[in-house]
Amino acid sequence: HGRSMLEGKFKKREFADLLSCFQSEIFYPDSIEDMAGAVLDDSEGNQLLAQKIANLTHLERYAMADLLELSWHNQSDERDVFEVAESLGLVFAKAAN
């Protein structure tokens, strides 16, 4: 259900930025609540992305953390992280948004 709530909220570029920000991170319950702060700490240019993360419900943040983990670990030469995320139900926002 959480994945469906993320439909159209994030562009592929933002998803890539989140993957970059959370490389080698483990999402413990308390760290899921601090995702927006981690995005801000990673790069000052990500204020809009941090705000998007801050506006997510707990369920949406949990779903995003799960998607980031699964997408990273299941990418391969045949499937990039975006294809994996889409196969898991994430619908990316259109680039013009």
Side-chain angles (χ1 to χ4, degrees):
H1 179 66
R3 291 177 187 172
S4 66
M5 294 169 65
L6 295 172
E7 182 175 334
K9 291 187 178 185
F10 294 90
K11 299 174 191 171
K12 286 184 178 182
R13 178 73 239 155
E14 293 169 326
F15 191 76
D17 287 347
L18 290 171
L19 282 170
S20 176
C21 177
F22 294 110
Q23 275 186 351
S24 70
E25 291 284 329
I26 297 173
F27 287 109
Y28 294 105
D30 60 332
S31 66
I32 290 173
E33 293 302 321
D34 294 330
M35 287 176 75
V39 171
L40 277 178
D41 290 344
D42 186 58
S43 170
E44 293 178 20
N46 281 333
Q47 291 180 355
L48 180 59
L49 180 56
Q51 187 61 46
K52 280 185 171 185
I53 294 293
N55 289 337
L56 297 177
T57 66
H58 177 75
L59 178 59
E60 289 170 324
R61 280 192 295 275
Y62 183 87
M64 179 56 79
D66 188 49
L67 284 165
L68 290 168
E69 286 288 326
L70 291 172
S71 297
W72 180 259
H73 290 291
N74 290 299
Q75 67 182 321
S76 66
D77 290 338
E78 294 80 32
R79 291 175 44 171
D80 65 24
V81 291
F82 305 118
E83 291 174 291
V84 175
E86 289 171 331
S87 74
L88 294 168
L90 182 59
V91 178
F92 289 104
K94 303 294 182 211
N97 290 349

> State which residues pass side chain to side chain donor-acceptor pair (under 3.5 Å) with N74; sequence neighbours excluded, sorted by chain then number.
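So N74 forms no side chain to side chain donor-acceptor pair (under 3.5 Å) with any residue.
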> Show the nearest heavy-atom pair for residues A50 and L40, with the distance to one decimal.
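Reported closest heavy-atom pair: CB-CG, 3.5 Å.
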> Sequence neighbours excluded, which residues qualify as side chain to side chain donor-acceptor pair (under 3.5 Å) partners of E69?
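Counting only residues at least two positions away or on another chain, E69 forms a side chain to side chain donor-acceptor pair (under 3.5 Å) with H73.
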> Can you tell me how far CZ of R3 sits from CG of D66, rounded to the nearest 0.5 angstrom?
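These two atoms lie 5.0 Å from each other.
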> The criterion is side chain to side chain donor-acceptor pair (under 3.5 Å); which residues satisfy it with S87, sequence neighbours excluded?
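Here the qualifying residues are R79.
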> Under the salt bridge (charged side-chain N to carboxylate O under 4.0 Å, His left out) test, which residues partner R13, sequence neighbours left out?
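With sequence neighbours excluded, R13 shows a salt bridge (charged side-chain N to carboxylate O under 4.0 Å, His left out) to D17, given in chain and number order.
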> Should L59 and L18 be regarded as members of a common hydrophobic cluster, given that ILVMFWY residues are connected when their side-chain heavy atoms come within less than 4.5 Å of each other, either directly or indirectly?
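Each belongs to a different hydrophobic cluster.
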> Drop me the distance from L90's CG to S71's OG, to the nearest 0.5 angstrom.
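Result: 7.5 Å between the selected atoms.
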> Grab the two heavy atoms, one from E83 and one from E78, that are nearest each other, plus how far apart they are.
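Here E83 and E78 meet closest at OE1-O, 3.6 Å.
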> For D80, what residues pass the salt bridge (charged side-chain N to carboxylate O under 4.0 Å, His left out) criterion, not counting sequence neighbours?
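Testing D80 for salt bridge (charged side-chain N to carboxylate O under 4.0 Å, His left out), a comparison that skips the adjacent residues, returns none.
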> If you round to the nearest 0.5 Å, how far is CG of L6 from NE2 of H1?
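It comes to 10.0 Å.
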> Looking at R61 and M35, what are the two nearest heavy atoms and their distance?
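In this case the closest contact between R61 and M35 is O-SD, 3.9 Å.
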> Residues in side-chain contact (heavy atoms from CB on, under 4.5 Å) with Y62, at least two apart?
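Y62 satisfies side-chain contact (heavy atoms from CB on, under 4.5 Å) with I32 once adjacent residues are dropped.
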> Indicate the atoms forming the closest heavy-atom contact of I53 with A36, along with that distance.
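Nearest pair, atom of I53 first, then A36: CG2-N, 3.5 Å.
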> Spell out, yes or no, whether L88 and M64 are grouped together once hydrophobic residues are joined by side-chain heavy atoms under 4.5 Å, including indirect joins.
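Linked within one cluster.
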> Can you name the nearest heavy-atom pair linking A63 to G2, along with the distance?
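Distance-wise, the nearest heavy atoms are CB-C, 3.5 Å.
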> When you compare the side chain of Q51 with that of Q47, does any pair of heavy atoms fall below 4.5 Å?
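No, side chains not in contact.
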> What is the minimum heavy-atom distance between A93 and G8, and which atoms define it?
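Reported closest heavy-atom pair: CB-O, 3.2 Å.
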> With F92, which residues qualify under ring pair (Phe, Tyr, Trp, His ring centres under 6.0 Å), at least two apart?
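Applying ring pair (Phe, Tyr, Trp, His ring centres under 6.0 Å) to F92 gives F15, F82.
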> Which residues pass the side chain to side chain donor-acceptor pair (under 3.5 Å) test with E60, sequence neighbours left out?
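Testing E60 for side chain to side chain donor-acceptor pair (under 3.5 Å), a comparison that skips the adjacent residues, returns K9, T57.
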> Using 0.5 Å steps for rounding, measure from the CZ atom of F10 to the CG atom of L56.
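Nearest 0.5 Å value for the CZ-CG distance: 4.5 Å.
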